[in-house]
2 protein chains.
Amino acid sequence: MIYVCNTITRQGADMAHDHASDCPSCQEPAAAFSRHDHAHCAQDVLERADGLVAQSGARLTPVRRRVLEILLEEHRAMGAYDVLKRLAAEGYGNQPPVAYRALEFLVEQGLAHRIRRLNAFAACMHPGEAHAPAFLICRNCNIVAEAPAAAVRKALDAAADMLGFLVERSTVEALGLCPACRDQAA
Amino acid sequence: MIYVCNTITRQGADMAHDHASDCPSCQEPAAAFSRHDHAHCAQDVLERADGLVAQSGARLTPVRRRVLEILLEEHRAMGAYDVLKRLAAEGYGNQPPVAYRALEFLVEQGLAHRIRRLNAFAACMHPGEAHAPAFLICRNCNIVAEAPAAAVRKALDAAADMLGFLVERSTVEALGLCPACRDQAA
DNA sequence: GCGTTGTTGATATGATATAACGCATGGATC
DNA sequence: GATCCATGCGTTATATCATATCAACAACGC
């Protein structure tokens, strides 16, 4: 099962709509890749982020918090320079290190993910919950979904263990076709 | 099990030694991450590459073949610009596209792998054999091993399938500690 | 206050990757 | 052989991604 708020895109898919906090699509398991609102999921993530960071002894400074907000607002995988443009427009530093440092911090804290295939970053929609997501990237429409991948991670650990290798972090990304583009192709 | 010829490095680990073609370490399963000769494995791969490319209707041109040879000789993950330097020194073009085009071709043909975490490329030691390797990268000594990952791929396919996503290509990379560095740390 | 630590801003540079153009080659066709 | 076409190569230029370094400043404990 996957929660819709896992769904993120690289190019922005204009999927916002307003709704009350009882929106079932943010409360219950649902099909990934479906259009959905994101506003209150984002709000929820932000609130939890505050607690999580404090808990780890780190500080969610204004720049860092703003970067997380931007990732949540955009709801897609963004390049560091995309983030930087937004920061600069809002009066923060406009040098690459500003964005990279904040993004690195968020990744370390488990509040964001780095998607290497896209040289991009996306907010994690499940901060605090232990998870090892796999990213599914549609080669046609560029939508990206964060899929649960506990089984994948387990298989990887096993394969590594046979070689005596200890896995600390892993990257699992798949390129292919999302349901919509798959139908379209057929 | 993994065959030693899976073992590749990013920084070059000086693991060459000469031996006869009956070297057991290239004939039989053995521990990964161990030092080993690579010369005749490379020769074998090259010969198979010729056949495979012809079979697919593509052409293994001089530049492309040379890039594959270089990857095999170096026996490690190389950046595109590392490859380019070698090419330039041998009279081929010395502009980035020359290296990138050849590398992209090799990846498409399944003769090389791209390791995104390192922004690097490595020759595939099992061309033609269906395989979905996982890369194990030691964060301490930078050694890289190509591990069999059929089970990982299977788990990924299953996770994607639950979302209706069709996986065409996948990237599985792990960062951690190789056996040697693990022992050293303990 | 005062040092220590961590964060930010700025400069500069390094590293990786692609777009676009034109020429050369080689094979197919007439 | 002449022509056409597809493919590959070399080149220029540029785009994109990422980091090293240092100075200024704020937060904190002592």
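Letters go in sequence order (proteins before strands), and every chain restarts at 1. Values in this document were obtained by computation on a predicted structure and should not be read as measured data.
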### Task
Go through the steps for A:Glu173 and B:Ser170 under the test side-chain hydrogen bond (donor to acceptor under 3.5 Å, both in side chains), then give the verdict.
CA-CA 6 Å; A:Glu173 297 170 5; B:Ser170 60; over 6 Å; no
### Query
Can you check whether B:Glu90 reaches B:Lys85 side chain to side chain, under 4.5 Å on heavy atoms?
no
### Query
Where do B:Leu87 and B:Ala99 come nearest, in terms of heavy atoms and distance?
CD1-CA, 4.3 Å
### Task
Mind calculating the distance between CG (A:Asp82) and P (D:dA18) to the nearest angstrom?
11 Å
#### Entry: Test: B:Arg114 cationic atom under 6.0 Å from B:Phe121 six-membered ring centre, within 45° of axis
no
### Summary
Here the distance between atom P of D:dT19 and atom CG of B:Asn119, to the nearest Å, is 9 Å
#### Entry: Distance in angstrom units between A:Arg65 CZ and C:dT8 P, rounded
14 Å
### Summary
Closest non-hydrogen contact found for B:Val45 with B:Cys124 is CG1-O, 3.8 Å
### Query
D:dA18 P sits how many Å from A:Leu118 CG, rounded?
11 Å
#### Entry: Member of A:Val63, A:Leu84, A:Val67 meeting the side-chain contact (heavy atoms from CB on, under 4.5 Å) criterion with A:Tyr92
A:Val63
#### Entry: Protein-nucleotide distance (A:Phe121, atom CZ; D:dT16, atom P), rounded to Å
16 Å
### side-chain hydrogen bond (donor to acceptor under 3.5 Å, both in side chains) evaluation trace for B:Arg116 with A:Thr171
CA-CA 9 Å; B:Arg116 305 208 80 107; A:Thr171 302; over 6 Å; no
### Query
Is the phosphate of D:dT7, meaning OP1 or OP2, less than 4.0 Å from a side-chain N or O of B:Thr61?
no
Review item, nucleotides 24-29 of chain C N/O atoms under 3.5 Å of protein N/O:
none

### Message
Tell me the closest heavy-atom pair linking A:Cys138 and B:Phe165, and the distance in Å.
### Response
N-CE1, 3.9 Å
### Message
It should be established whether A:Arg66 places a side-chain nitrogen or oxygen under 4.0 Å from OP1 or OP2 of nucleotide C:dT8.
### Response
no
### Task
Kindly calculate the angle separating the two end axes of the helix from C:dG1-D:dC30 to C:dC30-D:dG1, each obtained from five base pairs, and round it to 10 degrees.
30°
### Side-chain touch B:Leu163/A:Pro179, heavy atoms, less than 4.5 angstrom
no
### Distance-minimising heavy-atom pair for B:Arg86 and B:Ile70
CB-CD1, 3.6 Å
### Task
Heavy atoms only: give me the nearest A:Glu146-A:Ala123 pair and the separation to one decimal.
OE1-O, 4.2 Å
### Message
Between the base of D:dA15 and the side chain of A:Tyr81, is there a donor and acceptor pair under 3.5 angstrom?
### Response
no
### Task
Specify the separation, in whole Å, of atom CG of A:Leu60 and atom C1' of C:dG6.
15 Å
### Task
Would you mind reading off the distance between A:Leu84 atom CG and D:dT19 atom P, rounded to a whole angstrom?
14 Å
### Task
Under 4.0 Å from any atom of DNA chain D, heavy atoms only: list the residues of residues 87-106 of chain A that qualify, in numerical order.
A:Pro96, A:Pro97, A:Tyr100
### Task
Look at all strands and tell whether B:Arg116 reaches a base, only sugar-phosphate, or nothing, counting heavy atoms closer than 4.0 Å.
nothing
